[in-house]
Amino acid sequence: MSNEPKVLDFETFYDLTDKKQKIDFLSYDVVDLEMCDLGEYKKIAFKKGAEVNLGGAEPLPQELDVSQCASVDLSGRDLSAVKNKITLRDGASFSYTSGLNGGIHLSNVPPLTNVDFSRCAKVTINGTELSHYKDFKFKDGADVSITRCTNLPENIDFSQCEAVQLSGCDLSNQQNLKFKDGATVDLSGCTNIPETLDLSHCERVILQGMDLSQVKNLKFKEGAQVDLSGCTNIPENIDFSVCAAVNLSQADLSNFKELKLKDGASLDLSDCKRLPEKVDFDKCAVVNLSQTDLLGRTDLKFRDGAIVDMSRAENIPEEVDFSTCAQLNLSRCDLSSEFIGEERT
């Protein structure tokens, strides 16, 4: 007896339809009917544990029972036409995005509505409008990705989520975002972020490319990994000395006179145009200064065993002592200075 999953795909579906054969959806382990017209069906239900992909812009049946499915993708479908509440089982994965598996991108995705994903272990929502929801609640330990969405509900409870991604969202309605202790949080490219942003419980924080001028108080958890690469208007009162890893690549650091860091930290200042006057390089286990202008630096001292990347760096001072470094990358640097040439031979 074969253990291969029984699959209902686009070709099989239309072959059976053309032959006017009845399709027993409950007998299939995998249902991949992306871009299939299901509007002629009154009701469709699926097998327990089935993996179901119904992405597309075509009509759905009047009733859709996905309550036993392990994973459900309804990307691009108009869910307002489905009469019943679409409920996902405990631990399921749910996806509703503007992109289909075949590489097709849907330009006008209908607003998400009529789906209860509060028990899902993984929720992925992308490029849609969310005004039909008054609140969002998620399962303890859920992995939630809500990206490039508008009109997020005012009441969103992320406090039980293990991972939260809100990149590219307008956070105008979110004034009190709370996150779970140890969570990974990605707010890259978000606009209208709240003045008070409590990230002090998060294990990993990603704020890439954000204008942080609205944020008045930003605190990080002891040992956190923080990525502020490409950020502008970073508040000068941020304490990076508690962070295990700090990525400030291409960030605007003009507000900082000094950058204090945690002992043994990993620091990325690659491609920065202007560094603070003083940086605790000597505390860092890993230092990335690739493509950075180091003209006039007097604080380039490294701890024993440090891993240092200065590839394509400019104006490396002659007096830098690299003898403590365990690994050193000086590729594509101007090493014409007599001192540096002697040090590396």
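Paired with Leu54 under the rule side-chain contact (heavy atoms from CB on, under 4.5 Å), one option of Asp73, Leu38, Ile44 passes, and it is Leu38.
Salt bridge annotation for Asp299-Arg297: present, with a cationic side-chain nitrogen under 4.0 angstrom from a carboxylate oxygen. Salt bridge absent: Lys83 and Glu63 never bring a charged side-chain N and a carboxylate O closer than 4.0 Å. Checked for salt-bridge contact, Lys139 and Asp90 meet the test: a charged N lies under 4.0 Å from a carboxylate O. A salt bridge does not link Asp186 with Arg204: none of the charged nitrogens is closer than 4.0 Å to a carboxylate oxygen. The pair Lys178-Asp198 does not count as a salt bridge, with every side-chain nitrogen at least 4.0 angstrom from each carboxylate oxygen. The residues Lys180 and Glu162 are annotated as salt-bridged, a charged nitrogen and a carboxylate oxygen being separated by less than 4.0 angstrom. Under the 4.0 Å criterion applied to side-chain N and carboxylate O atoms, Lys257 and Glu236 are not assigned as salt-bridge partners. Salt-bridge annotation for Lys221 and Asp181: present, with a side-chain N of the basic residue lying under 4.0 Å from a carboxylate O of the acidic one.
Checked by atom type, the side-chain pair Thr147/Asn126 shows a donor-acceptor distance below 3.5 Å. In the model, Ser67 has no side-chain atom that pairs as donor or acceptor with a side-chain atom of Thr87 under 3.5 Å. Between the side chains of Ser270 and Ser249, a donor-acceptor pair is found at a separation under 3.5 Å. Counted by atom type alone, Asp157 and Ser159 present one or more donor-acceptor pairs between their side chains at under 3.5 Å. Counting only N and O atoms by type, the side chains of Asp252 and Thr232 include no donor and acceptor under 3.5 Å apart. At a cut-off of 3.5 Å, with distance as the only test, a side-chain donor of Ser311 or Ser290 sits close to an acceptor on the other residue.
Leu267 and Ile206 fall into different hydrophobic clusters, where Ile, Leu, Val, Met, Phe, Trp and Tyr are joined by side-chain heavy atoms under 4.5 Å apart, directly or via other members. Cluster annotation: Leu218 and Val246 are assigned to the same hydrophobic cluster (Ile/Leu/Val/Met/Phe/Trp/Tyr, side-chain heavy-atom contacts under 4.5 Å, transitive). Val31 and Tyr14 end up in the same hydrophobic cluster when Ile, Leu, Val, Met, Phe, Trp and Tyr side chains are linked at under 4.5 Å. When the side chains of ILVMFWY residues are joined at heavy-atom separations under 4.5 Å, either directly or via intervening members, Leu171 and Leu228 end up in a single hydrophobic cluster. Residues Leu79 and Phe117 fall within the same hydrophobic cluster, defined by Ile, Leu, Val, Met, Phe, Trp and Tyr side chains chained together at heavy-atom separations under 4.5 Å.
Side-chain atoms of Asn114 come within 3.5 Å of backbone atoms of Asn84 as a donor-acceptor pair (strictly under, hydrogens ignored). Judged by distance alone, with hydrogens and angles left aside, the side-chain atoms of Asp9 form a donor-acceptor pair with the main-chain N or O of Thr12 at under 3.5 Å.
Inter-residue side-chain proximity for Tyr133 and Ile156 is flagged as unmet; no heavy-atom pair is nearer than 4.5 Å. Counting heavy atoms from C-beta on, the side chains of Phe220 and Asp239 never come closer than 4.5 Å. Side-chain contact check for Asp321 versus Phe302: every heavy-atom pair is 4.5 Å or farther apart.
Aromatic pair Tyr41/Phe25: ring centres closer than 6.0 Å. Two rings, from Phe158 and Phe136, have their centers 6.0 Å or more apart.
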From CA spacing to verdict: side-chain hydrogen bond (donor to acceptor under 3.5 Å, both in side chains), Thr113, Ser80: CA-CA 6 Å; Thr113 183; Ser80 64; over 6 Å; no
Is there a salt bridge (charged side-chain N to carboxylate O under 4.0 Å, His left out) between Arg303 and Asp263? Walk through the geometry before answering. CA-CA 10 Å; Arg303 63 185 279 158; Asp263 189 48; 3.0 Å; yes
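Contact record, Gln174 with Asp170: OE1-O, 4.1 Å, taken as the closest heavy-atom pair. Minimum heavy-atom separation, Leu26 to Lys47: O-CB, 3.2 Å. Closest approach of Gly305 to Ala326, counting heavy atoms only: O-CB, 3.5 Å. The two residues Gly264 and Ala285 make their nearest non-hydrogen contact at O-CB, 3.6 Å.
Within a 6.0 Å sphere centred on CD of Glu154, other residues, nucleotides and ligands contribute 12 heavy atoms or fewer. Within 6.0 Å of CD on Gln21 lie more than 12 heavy atoms contributed by other residues, nucleotides or ligands. Heavy-atom contacts from other residues, nucleotides or ligands closer than 6.0 Å to CD of Glu40 number 12 or fewer. Within a 6.0 Å sphere centred on NZ of Lys42, heavy atoms belonging to other residues, nucleotides or ligands number 12 at most.
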